[in-house]
Amino acid sequence: MDELVRDVDVADVRAKNVNNEKLDSIYNDINSAKKTIKWLYNCYLVVGGGVVALLLFFAFSAAFVW
């Protein structure tokens with residue numbers, strides 16, 4: 001109907017919609033990957049901070065025992 005009334009190429013419109021859906025999918029995948037990387041980074045910071053805290057605790061406790 002659009003093709004006849006508005007002189008719109010329906011195949012072109014469908015191709016643009018498919019491309020937009022693909023781009024949306026790619027952006028969603030990238031955002032999901034960013035969230036995962038941020039979560040892993042925060043986990044590494046927490047674990048690393050805990051290890052440093054334990055090392056400092058044992059270092060200071062050993063220094064005061066002697």
Side-chain angles (χ1 to χ4, degrees):
M1 192 73 126
D2 284 335
E3 197 167 9
L4 295 173
V5 175
R6 297 185 189 169
D7 194 29
V8 174
D9 186 11
V10 176
D12 188 37
V13 172
R14 286 184 185 152
K16 287 180 182 178
N17 286 339
V18 169
N19 287 338
N20 286 339
E21 289 174 5
K22 287 180 183 179
L23 284 175
D24 288 343
S25 175
I26 291 170
Y27 284 130
N28 288 337
D29 290 345
I30 289 171
N31 286 333
S32 176
K34 283 181 181 179
K35 287 179 184 178
T36 303
I37 289 170
K38 284 180 184 178
W39 183 82
L40 287 172
Y41 180 74
N42 288 334
C43 287
Y44 287 136
L45 285 178
V46 168
V47 169
V51 168
V52 169
L54 285 174
L55 289 173
L56 289 173
F57 172 75
F58 287 122
F60 282 120
S61 66
F64 289 119
V65 170
W66 292 94

Undergrad: Distance check, rounded to the nearest 0.5 Å: Y27 atom OH versus I30 atom CD1?
TA: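 One finds 7.0 Å between OH of Y27 and CD1 of I30.
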Undergrad: Could you tell me which residues satisfy side-chain contact (heavy atoms from CB on, under 4.5 Å) with K35, sequence neighbours excluded, listed by chain and number?
TA: none
Undergrad: Hydrophobic clusters here meaning ILVMFWY residues chained together by side-chain heavy-atom distances under 4.5 Å, can you tell me if L45 and I37 are in one?
TA: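 Looking at the clustering, I37 is in a separate group from L45.
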Undergrad: Mind checking the CD1-CG spacing from I26 to N31? Nearest 0.5 Å is all I need.
TA: 12.0 Å
Undergrad: Measure the OG-CG distance between S61 and L56 for me, rounded to the nearest 0.5 Å.
TA: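 Interatomic distance, S61 OG to L56 CG, rounded to 0.5 Å: 10.5 Å.
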Undergrad: So, T36 side chain and S32 main chain: donor-acceptor pair closer than 3.5 Å or not?
TA: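 Looks like yes, one N/O pair under 3.5 Å.
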